[in-house]
Amino acid sequence: MQKLIIKGNKTLSGTIKISGSKNATLPILASTILNDKKIEINNIPLVKDVITMTELLKHIGSNIKINLAKKKIIINNKEKFLKTLAPYSFLKTMRAGVIVLGPLLSKFGKAKVSLPGGCAIGTRPVDIHLYGLKKLGAKIKIKNGYIEAEAKNGLSGKKIKLPKISVGATENLIIAASYANGTTFIKNCACEPEILDLTNFLKKMGVNIKWISKREIKIIGGKKFKPVSHSVMFDRIEAGTFVIAGALIAKKLKIVSLETKIIKKELKILKKMGIKLKINKNEIVILNSKNIKPVKIKTEPYPGFPTDLQAQIMVLMTRANGTSKIKENIFENRFMHVPELNRMGAKIKVSGNLSKIDGIKSLYGAEVMATDLRASVSLVLAGLIAKNRTIINRVYHLDRGYENLENKLRKCGANISRTNY
Ligand code: UD1
């Protein structure tokens with residue numbers, strides 16, 4: 001099992017280029033099930049989840065080719081009839097695989113998709129996905145760990161109000177509605193930038209989609225689509241992670257290939273903490289920042305502060321002059337990194353979905369365990385500022401969502417390496 005070894009207390013200087021967004025690439029790939037024309041997707045991040053999604057699509061019969069050197073995917077499904085079974089082997093490591101349910105059901109009238117595997121950060125049910133698909137006319141049974149869905153005459157457009165904001169359910173339903181008969185309105189949508197990237201992709205392939213308001217979307221279903229070429233948006237969570245790394249130990253770190261207006265909320269909070277940032281449209285420079293101030297934050301659906309950056313900003317809070325607070329509103333069990341950070345000397349107390357972080361002088365290296373994707377990267381950040389050596393186990397979590405993390409950090413001066421034992 002691979003481990004990361006970090007010798008902390010170095011500084012970061014140089015330039016880090018942000019990769020394409022994992023969370024935008026996954027639903028875009030799922031939506032290609034609908035289109036028989038040639039599709040080209042550029043700027044894909046080379047991370048495990050994206051590879052797993054391409055393998056799932058290949059498994060169901062998609063003619064998908066990935067060009068690793070050019071970070072490009074080409075799909076050509078002309079006259080292909082895809083299999084409608086998405087097995088557990090793919091869904092057990094990548095919950096987002098459930099987004100193939102909407103397009104398979106909509107296009108082929110039936111789909112059997114494994115219920116996603118368990119997850120350390122919470123129960124993560126798919127009831128809202130199923131609620132929306134039923135509204136569109138699907139008959140759904142859960143049997144032997146699988147979702148068995150049927151819509152013999154195709155799905156039919158409807159007005160749907162989601163009972164709770166869900167990124168994945170919004171994506172599943174938008175894609176399903178793109179091939180349904182008639183018009184669908186979805187209210188109480190998630191409006192994460194990755195969903196806008198998905199709707200931009202669908203519009204390019206000829207789907208009639210209109211955002212009516214921030215949380216309502218109108219989709220007129222169609223059956224014939226156009227060839228499409230698309231470049232995936234930047235990964236805003238990767239960008240936020242590196243800006244926080246800079247806030248912790250930059251001499252002068254430049255982050256490029258991003259759109260700063262998309263991460264306005266995060267940057268505002270970092271400024272409030274006293275981080276020295278020079279912000280331009282497509283790049284940020286982070287300068288050495290001392291006297292970090294404590295803050296109170298809560299995680300919320302976009303445009304609020306993202307739950308996917310909660311663990312990382314918590315590491316920065318350990319450096320503040322005073323006590324910071326975090327309220328985690330999205331996932332019920334997303335403080336798994338806290339015991340590990342405390343083992344490194346942090347003073348963090350958790351009570352339900354609240355955590356209280358007392359600023360301390362320094363963290364100390366330890367052997368720690370990654371529990372999920374964002375928790376693992378928070379341990380990397382902690383290792384970067386810790387005295388002595390930090391060893392991070394179970395780094396496969398990190399590889400699911402961060403492209404080339406060690407190389408990007410090492411190029412800027414971090415002492416980080418990977419071992420196989
Ligand atoms: C997506 C992101 C993930 C991010 C999360 C919240 C991808 C691939 N993943 O995950 O990185 O942390 O958004 O921003 O884009 N829920 C239900 N029933 C459902 C669906 C969700 O109760 O059917 C709950 C979840 O348990 C959670 C909340 O709704 O408490 C939000 O989840 P959701 O927005 O669906 O997250 P994902 O799409 O799984």
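First listed ligand is number 1; within each ligand, the first listed atom is number 1.
Residue nearest to atom 4 (C) of ligand 1, selected from Leu130, Asp308, Leu198, Asn329: Asp308 (by heavy-atom distance). In the candidate list Pro125, Gly132, Gly304, Pro125 is nearest to atom 20 (C) of ligand 1, counting heavy atoms. Ranked by closest heavy atom to atom 1 (C) of ligand 1, the top entry among Ile99, Asp49, Thr25, Val167 is Val167.
At a 4.0 Å heavy-atom cut-off, ligand 1 does not touch Glu194 at all. In Ile237, neither the side chain nor the backbone holds a heavy atom less than 4.0 Å from any atom of ligand 1. Under 4.0 angstrom from ligand 1, there are no non-hydrogen atoms of Gln310.
Side-chain atoms of Glu403 come within 3.5 Å of backbone N or O of Leu46 as a donor-acceptor pair.
The shortest N or O to N or O distance between Phe331 and ligand 1 is not under 3.5 Å. Distances between N or O atoms of Ile128 and those of ligand 1 include at least one value under 3.5 Å. Looking at Arg95 next to ligand 1, no N or O pair under 3.5 Å apart turns up. Where the criterion is an N or O separation shorter than 3.5 Å, residue side chain and backbone included, Glu171 fails it with respect to ligand 1. Looking at Asn23 next to ligand 1, an N or O pair under 3.5 Å apart turns up. Residue-to-ligand polar distances keep Leu26 apart from ligand 1: every N/O pair is separated by 3.5 Å or more. Residue Ala169 places no N or O, backbone or side chain, under 3.5 Å from any N or O of ligand 1.
Ligand 1 has no atom lying under 4.0 Å from any heavy atom of Glu328. Within the 4.0 Å heavy-atom shell around ligand 1 one finds Lys164.
Remark: ligand 1 atoms within the under-4.0 Å shell around heavy atoms of Thr307 are 6 (C), 12 (O), 14 (O). Each of the atoms 35 (O), 38 (O) of ligand 1 lies under 4.0 Å from some heavy atom of Gly168. Distances below 4.0 Å separate heavy atoms of Arg334 from the following atoms of ligand 1: 12 (O). Listed by number with element, the atoms of ligand 1 under 4.0 angstrom from any heavy atom of Asp127 are 17 (C), 18 (N), 19 (C), 22 (O), 23 (O).
Residue Arg343 qualifies as enclosed at atom CZ: its count of foreign heavy atoms under 6.0 Å is above 12.
A cation-pi contact, defined as under 6.0 Å to the ring centre and within 45° of the axis, links Lys112 to Tyr146.
For the residue pair Thr307 / Glu328, a side-chain donor-acceptor distance below 3.5 Å is found, with atom types taken as modelled.
The salt bridge (charged side-chain N to carboxylate O under 4.0 Å, His left out) contacts involving residues 39-61 comprise Lys22-Asp49, Glu40-Lys72, Asp49-Arg400, where partners must be two or more places apart or lie in separate chains.
Taking the charged nitrogens against the carboxylate oxygens, Asp197 and Arg236 have no contact shorter than 4.0 Å, which rules out a salt bridge. Glu259 has no carboxylate O lying under 4.0 Å from a charged side-chain N of Lys281, or vice versa, which leaves the two without a salt bridge.
Taking both residues in full, the closest heavy atoms of Cys412 and Ile16 are given as SG-CG1, 3.6 Å, listed atom of the first, atom of the second, then distance. Counting all heavy atoms, side chain and backbone alike, Ile60 lies closest to Leu85 at CG2-O, 3.4 Å.
At least one side-chain heavy atom of Arg215 sits less than 4.5 Å from a side-chain heavy atom of Ile165. Side chains of Tyr302 and Ile262 form a contact here, defined as non-hydrogen atoms less than 4.5 Å apart. Between Leu115 and Leu91, every side-chain heavy-atom pair lies at or beyond the 4.5 Å cut-off.
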